[in-house]
Amino acid sequence: MKKKNLYIAIACLSLLSLDSIAQNRTYDGPNKMNTWSITGYGGITKFFGDLKEYDFKLGQDEKLTGGWGLSINKQLSPIFGVQLTGFNGQLQGSKMGHKSSITGDTYNANFNSPSFIQLTLDGTMNLNRLLLGHNKMRHWKIDAHLGGGIMYYHTDLNYTNVNTGVSGSLSSNTEGSSKTAGTWDRNGSTYTREWVVPAGLAVHYELSPRFDLGVDFTYSYVNTEKLDLTVGGLSDYQSQAGIWTFAKGDSKNDGWGMASIALTYKLGKNPVKSKNGVYDAGSGRYHLRWADPKSLIPVPYNPTMNDADSIAKVNMPKPVDPRLYTDSDGDGVADLFDKEANTPMGSIVSGGGVALDIDKIIRDAIKNNLPKDECEALFSNVEFDTDKAIIRNASKETLSKVVELLNMRVNCRIVLVGHTDARASDSYNVALSRRRVDAAKRFLIRAGLQDPSRIIAEYYGELRPIAENTTVEGLQSNRRVEIKILPMNSIRSTYPAGFQK
């Protein structure tokens with residue numbers, strides 16, 4: 001395979017794989033951003049050297065020349081980037097009255113470089129972001145770029161000696177040529193390789209999340225005087241004196257420029273562009289060519305006192321029904337669930353707060369001689385004197401009936417919950433409520449409860465009062481052990497705490 005075909009195949013494979021590679025190469029900042037792009041160039045070329053009549057218009061025997069290019073771009077930050085750029089184009093130049101200092105003859109000469117190739121690696125700097133910041137000219141990008149690389153060229157020159165009328169032609173890279181940096185065989189011609197330094201300015205506009213349109217001018221400084229086969233006045237075309245040597249003379253190194261239209265395709269996933277300077281990181285991925293990563297970070301919200309008050313009011317929970325925390329009749333059932341208010345003090349009630357005739361319940365259980373499948377929830381209180389854990393006589397009768405009922409209904413258990421008033425420390429009251437529960441438990445066992453493991457004990461000190469601790473009656477109501485007869489599958493009470501003052 002020829003070298004030309006090999007290079008073309010490698011270039012095509014590289015471009016096809018670049019998009020898939022770029023999908024996974026993003027800016028690793030606070031938010032993922034796309035960073036790769038491809039730019040195509042097309043425009044006109046202009047030679048700058050010895051065989052040139054004018055800077056910005058064509059000379060005699062010159063034609064308009066052009067070229068095309070392709071660059072692979074990687075944005076490193078909102079300001080800086082790198083690009084690998086390749087150009088292919090044509091160059092021509094001419095000069096009427098070129099005088100040789102060697103022979104004194106005057107020549108009319110023109111040259112043609114039919115298909116040069118240039119490959120460079122350039123660094124880019126976004127000038128408007130650097131000088132104006134990110135909030136001005138958001139959709140414009142002004143890049144200065146500078147780099148280095150290589151150029152392969154072949155030159156054909158035609159001349160006419162004005163003094164003698166003799167015409168002729170020359171070609172570069174013959175056996176007599178000075179090959180300053182190596183050669184390359186292409187299209188049947190030998191191409192010379194030279195170092196080149198490109199510098200330029202590009203202006204781009206962001207058309208869409210995928211495409212940018214711009215203009216670019218690049219001037220390439222070539223490390224040779226012989227791009228036009230002319231070394232100033234030291235060159236004599238007819239005798240070829242001074243052309244194939246390394247003599248410098250008064251000639252500067254050659255160069256060429258290209259003014260082109262540039263179309264950029266931005267690679268990456270889920271591309272988006274800003275709208276009026278507003279960025280939303282959740283909408284997709286912005287390109288680092290156009291967005292500052294700091295713009296994607298939302299500004300912290302610092303609410304004022306009025307804002308905080310409004311937020312608190314909006315999020316404030318609904319008021320809790322006060323009946324959930326009160327037990328007006330002291331039967332152990334909160335008013336919110338109490339179906340029978342103002343039951344007499346010491347009554348045994350159901351889970352709904354309805355007073356029950358425990359004597360009748362026990363008689364019915366004995367008469368049927370079988371325990372029921374389900375337990376009826378019964379509630380009652382055993383009261384105590386101040387700072388005492390001794391059961392009052394009135395409560396002993398209630399406990400005895402409870403023992404008789406539990407022995408008949410083996411599918412029920414009893415929960416004893418101890419409480420105190422608030423006239424001591426928390427730790428002391430918790431210990432006192434535990435002593436009161438233990439006293440009630442001992443009484444039940446001594447009264448003949450057949451299975452003591454069915455007794456569950458809880459104690460809360462002063463934490464769950466059922467009345468205010470500011471009256472004698474309230475203090476007495478809070479000094480209690482609650483009795484709850486519940487099904488075996490209900491280990492602990494589920495009704496809310498009592499009145500809290």
Side-chain angles (χ1 to χ4, degrees), residues 41-69 85-100 106-120 149-162 166-174 177-178 180 183-184 186-194 196-200 216-238 240 242-244 251-261:
Y41 305 88
I44 58 175
T45 58
K46 178 66 177 178
F47 171 76
F48 297 93
D50 293 320
L51 295 189
K52 174 180 67 68
E53 289 282 351
Y54 310 104
D55 286 335
F56 299 106
K57 67 178 183 178
L58 299 177
Q60 187 174 345
D61 297 327
E62 286 186 49
K63 296 180 180 179
L64 186 67
T65 58
W68 65 276
T85 307
F87 285 110
N88 179 220
Q90 181 183 12
L91 293 174
Q92 286 189 358
S94 65
K95 188 174 181 63
M96 301 296 106
H98 174 73
K99 187 172 183 178
S100 171
T106 301
Y107 293 89
N108 294 333
N110 64 80
F111 83 94
N112 180 40
S113 182
S115 182
F116 70 86
I117 294 177
Q118 179 172 301
L119 183 67
T120 61
I150 56 176
M151 178 182 184
Y152 285 90
Y153 68 92
H154 173 85
T155 301
D156 297 317
L157 182 142
N158 298 310
Y159 66 88
T160 298
N161 190 325
V162 176
V166 177
S167 297
S169 63
L170 298 172
S171 292
S172 65
N173 307 307
T174 64
S177 302
S178 58
T180 58
T183 62
W184 174 42
R186 178 172 181 263
N187 297 333
S189 302
T190 302
Y191 277 61
T192 296
R193 183 181 72 224
E194 281 292 357
V196 63
V197 176
D216 178 273
F217 179 78
T218 299
Y219 185 91
S220 296
Y221 298 86
V222 186
N223 186 38
T224 182
E225 301 170 87
K226 301 175 183 178
L227 188 57
D228 56 355
L229 288 182
T230 302
V231 186
L234 293 180
S235 299
D236 184 80
Y237 304 121
Q238 189 170 349
Q240 298 188 18
I243 295 179
W244 310 122
S251 176
K252 297 180 180 179
N253 284 350
D254 296 331
W256 67 276
M258 179 172 174
S260 58
I261 301 295

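Separation of atoms CG (Asp254) and CG (Asp50) is listed at 6.0 Å; rounding is to 0.5 Å. Distance NZ/Lys46 to CG/Leu64: 9.5 Å, rounded to 0.5 Å. Gln238 CD to Leu170 CG: the interatomic distance, rounded to the nearest 0.5 Å, is 10.5 Å. The NZ atom of Lys52 lies 7.5 Å from the NZ atom of Lys95; values are rounded to the nearest 0.5 Å. Distance CG/Asp228 to OG/Ser235: 8.0 Å, rounded to 0.5 Å. Taken to the nearest 0.5 Å, the CG atom of Leu229 stands 5.5 Å off from the CG atom of Leu157.
Looking at heavy atoms from C-beta onward, Asn253 lies out of side-chain contact with Val222 at the 4.5 angstrom threshold. Counting only heavy atoms from C-beta outward, the side chains of Leu58 and Lys63 never approach each other to under 4.5 Å.
Looking only at distances, no side-chain donor or acceptor of His98 sits under 3.5 Å from a matching main-chain atom of Gly233. Between the side chain of Ser113 and the backbone N or O of His154 there is at least one donor-acceptor pair closer than 3.5 Å.
Under the side-chain contact (heavy atoms from CB on, under 4.5 Å) criterion, Thr120 pairs with Thr85, Gln118, Asp122, Val196, Pro198, sequence neighbours left out. Taking Asn108 as the reference, Met96, Val162 meet the side-chain contact (heavy atoms from CB on, under 4.5 Å) condition, with sequence neighbours excluded. The ring pair (Phe, Tyr, Trp, His ring centres under 6.0 Å) check on Tyr219 picks up Phe48, Tyr221, with sequence neighbours excluded.
Remark: the Gln92 side chain and the Thr65 side chain contain no N/O donor-acceptor pair separated by less than 3.5 Å. Glu62 and Asn110 are not linked by any side-chain donor-acceptor pair at a separation below 3.5 angstrom, with hydrogens and angles left out of the test. Inspection of the Tyr237 and Ser100 side chains reveals no N or O donor paired with an N or O acceptor under 3.5 Å.
Here the closest non-hydrogen pair linking Asn88 and Ser115 is ND2-OG, 3.2 Å. Of all heavy-atom pairs spanning Gln90 and Thr45, the tightest one is O-OG1, 2.6 Å. When all heavy atoms of Ser171 and Asp156 are compared, the pair lying nearest together is OG-OD1, 2.8 Å.
Of the residues listed (Phe116, Phe111, Tyr153), the one engaging Phe47 in a ring-ring contact (aromatic ring centres under 6.0 Å, His included) is Phe111, and it is the only one.
Ring geometry for Phe87 against Tyr41 counts as tilted: the plane angle lies between 30° and 60°, on a 0 to 90° scale.
Within 6.0 Å of NZ in Lys99 there are 12 or fewer heavy atoms belonging to other residues, nucleotides or ligands.
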